[in-house]
Amino acid sequence: MPRPIRWLAIGALVSIILLLALPALMLIDRDGVIAAIMREGQRLETANREWLAAHPDIVFGFVMIYTVVLHLVCAGVLSWFTPKAARGRGWARIGLSVYLLVATGLSVVSAVQGGMFLAIVIPTDIIHVLMLVLLWAPPSVRRFYAEHRSVRRSRSTATIEGAVT
C-alpha cells in the first residue's frame, strides 16, 4: 500500500474527530448558536420571525438534531469508503472523492452563513482537499489503483473463460 493511502486513513480519522467536535462546540456555545439562528431568522416573514423569537429552544433543538445526524452520516460515509479505497477499490475511491467534494462545498456554504465555527470548518476543508490530492495525484497511488483494476479484470476474465470452456 502506498504511503499516501496510509495518510488518507489518518486524514479520515482527523476529519471524523472534527465532524464530531462541531456539535459538541455548538452545545458548549448554545447562546452563540441561538444568536446566529436569530440573525439568520431576520430574513423570514414576520409571523415566522415572531415564532422563532418565541421558541429559540425548540429551534436550537432541531438545529442540533440536524447537525448531529448529518455529522454522524458523514462520519459513517468516511468510515465506510476510506478502508475500501485503501484496499484498491476504484468505486470507493470515486465515492470518497464525491463525498469530499460535496462535504467541502457544503461546509463553505455553511461557513458563509455564520462563521462561528471556522476553527473547525477550515481545518476540515483543508483535510478534505489534501485527501483528494492523496487519492488522485501521487503516481504511486495511480499505479496502486491501476494494478488493482488489472488484477480484478484478469480474475473476471479467467472466471468467464473457465465457465465457457
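FYI, the numbering just counts along the sequence from 1.
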Minimum heavy-atom separation for [X] and [Y], please, with both atom names.
| X | Y | answer |
| --- | --- | --- |
| Lys84 | Ala92 | CB-CB, 3.6 Å |
| Ala85 | Leu135 | CB-CD2, 4.5 Å |
| Val141 | Leu134 | CG2-O, 3.4 Å |
| Ala54 | Pro56 | C-CD, 3.4 Å |
| His71 | Pro23 | ND1-CD, 3.8 Å |
| Tyr145 | Arg89 | CE2-O, 3.8 Å |

Checklist entry - Above 12 or not: heavy atoms from other molecules or residues under 6.0 Å from CD of Glu45? => result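 No, because the 6.0 Å sphere around CD of Glu45 holds 12 heavy atoms or fewer from other groups.
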Quiz item: Just wondering, are more than 12 heavy atoms of other shown residues or ligands nearer than 6.0 Å to CZ in Arg3?
Solution: no
- Message: Could you go through Phe117 and Thr124, starting from their C-alpha distance and side-chain angles, then the distance that decides it, and tell me whether this counts as side-chain contact (heavy atoms from CB on, under 4.5 Å)?
- Response: CA-CA 11 Å; Phe117 300 108; Thr124 301; over 6 Å; no
Check whether any side-chain heavy atom of [X] lies under 4.5 Å from a side-chain heavy atom of [Y], and answer yes or no.
| X | Y | answer |
| --- | --- | --- |
| Ile34 | Asp57 | yes |
| Asn48 | Leu52 | no |
| Trp7 | Val133 | no |

Return the [atom1] to [atom2] distance between [X] and [Y], rounded to the nearest 0.5 Å.
| X | Y | atom1 | atom2 | value |
| --- | --- | --- | --- | --- |
| Ile65 | Leu70 | CD1 | CG | 13.5 Å |
| Ser107 | Leu22 | OG | CG | 10.0 Å |
| Thr104 | Ile126 | OG1 | CD1 | 10.5 Å |
| Leu8 | Arg93 | CG | CZ | 10.5 Å |
| Leu72 | Leu20 | CG | CG | 6.5 Å |
| Phe81 | Leu100 | CZ | CG | 10.0 Å |

Verify same cluster id: [X], [Y] (apolar side-chain graph, 4.5 Å):
| X | Y | result |
| --- | --- | --- |
| Ile94 | Met131 | yes |
| Trp80 | Leu101 | yes |
| Met26 | Ile17 | no |
| Val129 | Ile127 | no |
| Val73 | Ile120 | yes |

Before you tell me yes or no, could you show the steps for Leu96 and Leu78 under side-chain contact (heavy atoms from CB on, under 4.5 Å), namely the whole-Å CA-CA distance, both residues' side-chain angles and the distance that decides it to 0.1 Å? CA-CA 7 Å; Leu96 183 57; Leu78 271 170; 3.7 Å; yes
Short question: side chain of Arg49, backbone of Gly41 - any donor-acceptor pair under 3.5 Å?
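Absent.
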Give a yes or no answer on whether the side chain of Ser15 reaches the backbone of Gly11 with a donor-acceptor pair at less than 3.5 Å. no
Would you call the rings of Tyr99 and His128 parallel, tilted or perpendicular, taking 30° and 60° as the class edges?
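Geometry flag for His128 against Tyr99: perpendicular rings.
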Quick note, ring pair (Phe, Tyr, Trp, His ring centres under 6.0 Å) partners involving residues 20-44, not counting sequence neighbours, are none
Those residues at least two apart in sequence (or on a different chain) that pass side chain to side chain contact (heavy atoms under 4.5 Å, CB included) with Ser140 are Pro2, Pro4, Pro138, Arg143
